[in-house]
Protein chains: 2
Amino acid sequence: MTDTPARLLNLLSLLQTPREWPGSELAERLEVSPRTIRRDIDRLRDLGYPVEATKGAVGGYRLVAGAAMPPLLLDDEEAVAIAVGLRAGAGHAIEGIEEASVRALAKLEQVLPSRLRHRVITLQAATIPLTRGDGARIDPHTLTAIAGAATGQERLRFGYRAGDGTETKRQVEPYRLVSTGRRWYLVAYDIAREDWRTFRVDRVSEPFATGSRFVPRELPTGSATELLGHTMSRQPAHNIDVTFEAPAAFVSARLPDTLGAPETTGEGTCRLRARSTDSLEWVALRLALVDCEFMVHGPPPLVQYVTDLGARLVRATPVR
Amino acid sequence: MTDTPARLLNLLSLLQTPREWPGSELAERLEVSPRTIRRDIDRLRDLGYPVEATKGAVGGYRLVAGAAMPPLLLDDEEAVAIAVGLRAGAGHAIEGIEEASVRALAKLEQVLPSRLRHRVITLQAATIPLTRGDGARIDPHTLTAIAGAATGQERLRFGYRAGDGTETKRQVEPYRLVSTGRRWYLVAYDIAREDWRTFRVDRVSEPFATGSRFVPRELPTGSATELLGHTMSRQPAHNIDVTFEAPAAFVSARLPDTLGAPETTGEGTCRLRARSTDSLEWVALRLALVDCEFMVHGPPPLVQYVTDLGARLVRATPVR
DNA sequence: CTTATATAGGTCGTGATCTGGCCTATATGG
DNA sequence: CCATATAGGCCAGATCACGACCTATATAAG
């Protein structure tokens, strides 16, 4: 208990609550002399954690933003909140940080006390995510298990359901997890097939790290995303074409950036031409939320879906 | 650099990557003898962090889940991912952990390096949240500023726009931030008015912690939520009444728990009666996503909205 | 079974470090 | 001006950390 490193960690933890701490109070809490507290503050500063101090009668210490992230000391509830937030985001994550998001989740879940784990699962079950992709929902557990195996360089076993529905058992050396905004892919070396393969994560079932380590092979093509190239290009995408009866600024403020920006076509009208790999349901929803009159020109499946959805909604209310 | 506590923090950071670390590798990285590493591992265990070790030829150390959360050591990208995730969740957060979520965000943003801060803001701006409430979007910055002032016991100055649109300047002693799932409220002691007040956070502008500390007063009514009671009861709520042409299990699996569960009314039909404070737009959206025929009986505004939305969608496609 | 390699931990001597106490300097708010 | 806060130098004594060398033990591969 009375160990120096332990006290430093405790001190960091205390300073992380957003308030000012007078040195005397810290000394009392940590059961050391004020002189030692001053030395500890010095030590933290040497370690790169910027502790700000205000002098004078109402002064105190406070941890502020610095050059590097200090270790985050979370209480139980905060840890649960972060885990739930990241899990909710793992499915239809924010553009550009999907990989980091999963890494952070894997890191957190690795050390999350088990009594908190079931709370996270319960809370997450209560939220039904809006599927942004085509309904192929991804289990956060699968994602973190794969991510963990990849960074830990452990061989991975899982069941894989191919496009035609046939289920196979795979054992691979996971290389990298990549996200395309809409879908997750695992690039890995398939041991039995003695070649590199890409797997769609939503088709992976029961991933299990065998625990046996491996030394990463060199990718033949150079980079993981390159290997994904031809898989990606086969992805179905829609050429969206919609006109809105509202200014372009109004529309773009209500549409996600991933759909691109509409161009002004006249007084109070604009047109959106975009290539999207998002699901039609998602696109239709976003269009409906723009809250102005619009006209869908294509693609035909989207026209069909919007027509059907509109008809269903009209049927859903009593005729006047 | 050659400090013992610094090395321990580094060690914790290394062990947090989900992989196994042989003692020799750790020794090399931290530039100490393997014996010292073993001692450090011992120290970490004494501190309560469960370091698991596997013996044998391919053994190594690894941090596992224990009784308490160890300090999370995040790299830049992971920190950004968490911040963005929490911010996105702050608006329409997950039931039951809103407060903890905001606390975690406040803690993180307090120490987030400024070069990461603008990345967070940029990324967040790219995502347009589906407003679950009635469009009164809440600025995460406002939320964290208030939360920080409340836990730090600092006086707070802000502009407040009353229901009739008049803007007033307030200076308060913030007591607690409470969330009702749909809305955020600040319970505080208004210094000028010398009484307790509740403020809607979405009407607060430019919160600013003055830095002057105060000793928390006793709440006259006992608890913050109690004080909120009469404010809350004036909240508009809708009595939703919808029948679905699908089994209750099918429907409840596609509806959020907050709307309650539908009851079976016949062979393949069910009825949902719920009281909701969510916005009509949100409810209509969720209903449309159930993906089956349904009929909205009430409330009248919801019927109207669904009719209008359906009509707009029908108009949005070329007539055949 | 044998061998290699990993964790686990005891012991010891040297040298560094940490602590508390006491001192002064300095900035701030009332 | 005064009380109170941070900042930090100096010193003496106790403690602790380190590396080196040792043995015990579990595991995987051959």
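In what follows, chains carry the letters A, B, and so on, assigned in the order in which the sequence lines appear, proteins first and then strands, with residues in each chain numbered from 1. Scope of the values below: all heavy atoms of this structure, side chains included, with no hydrogens, waters or symmetry mates.
Atom CG of B:Leu8 is separated from atom P of D:dC18 by 8 Å (rounded to the nearest Å). Residue A:Leu30 contributes atom CG, which lies 11 Å from atom P of C:dG20 at whole-angstrom precision. Rounded to whole Å, atom P of D:dG19 lies 11 Å from atom CD of B:Glu31. Rounded to whole angstrom, the span from the CD1 atom of B:Ile41 across to the P atom of C:dT7 amounts to 9 Å. Atom-to-atom, CG of A:Leu63 to P of D:dT6 comes out at 16 Å; the value is rounded to the nearest Å. Atoms CG (A:Leu11) and C1' (C:dT19) sit 16 Å apart, rounded to a whole Å. In this structure, A:Asp40 atom CG and C:dG20 atom P are separated by 9 Å, rounded to whole Å. Distance, A:Arg45 CZ to D:dG8 P: 7 Å, rounded to whole Å.
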All N/O pairs under 3.5 Å across the protein-nucleotides 14-17 of chain D interface:
unit_1: D:dA17; atom_1: OP1; unit_2: B:Arg43; atom_2: NH1; d: 3.3
unit_1: D:dA17; atom_1: O5'; unit_2: B:Arg43; atom_2: NH1; d: 3.1

Distance-only donor-acceptor pairs under 3.5 Å for side chains of residues 49-56 of chain A, two or more places apart:
unit_1: A:Thr54; atom_1: OG1; unit_2: A:Glu20; atom_2: OE1; d: 3.1
unit_1: A:Thr54; atom_1: OG1; unit_2: A:Glu20; atom_2: OE2; d: 3.4
unit_1: A:Thr54; atom_1: OG1; unit_2: A:Gly60; atom_2: N; d: 3.3

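Applying the side chain to side chain donor-acceptor pair (under 3.5 Å) criterion to B:Glu194, with sequence neighbours excluded, gives no partner residue. Take B:Ser33 and apply the side chain to side chain donor-acceptor pair (under 3.5 Å) test, not counting sequence neighbours, and it matches B:Thr36. Applying the side chain to side chain donor-acceptor pair (under 3.5 Å) test to A:Asp76 and every residue at least two apart in sequence or in another chain returns A:Arg115. Residues satisfying the salt bridge (charged side-chain N to carboxylate O under 4.0 Å, His left out) test with A:Arg43, not counting sequence neighbours, are A:Asp40. With sequence neighbours excluded, the residues satisfying salt bridge (charged side-chain N to carboxylate O under 4.0 Å, His left out) with B:Glu78 are A:Arg103, A:Lys107. Remark: A:Asp190 pairs with A:Arg170, A:Arg193 by the salt bridge (charged side-chain N to carboxylate O under 4.0 Å, His left out) rule, at least two apart or across chains. Every residue two or more places apart in sequence or in another chain that forms a ring pair (Phe, Tyr, Trp, His ring centres under 6.0 Å) with B:Phe158 is listed here: B:Phe199. Residues passing the side chain to side chain donor-acceptor pair (under 3.5 Å) test with A:Ser13, sequence neighbours excluded: none.
Taking the six-membered ring for Trp and the full ring otherwise, the centers of B:Trp21 and B:Tyr61 sit at least 6.0 Å from each other.
Here A:Arg35 does not reach the OP1 or OP2 of D:dA7: none of its side-chain N or O atoms lies under 4.0 Å away.
Using modelled atom types, one finds no donor on one side chain facing an acceptor on the other under 3.5 Å when comparing A:Ser101 with B:Glu77.
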Summary of protein contacts for nucleotides 23-30 of chain C, nucleotide by nucleotide, where a base hit scores B, a sugar-phosphate-only hit scores S (4.0 Å, heavy atoms): ----BB--
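Within the 4.0 angstrom heavy-atom criterion, only backbone atoms of the sugar-phosphate kind lie near A:Pro22; the bases stay farther away.
Secondary structure note: stems in DNA chain D built from 3 or more consecutive Watson-Crick or G-U wobble pairs under 3.5 Å occupy C:1-30 with D:1-30.
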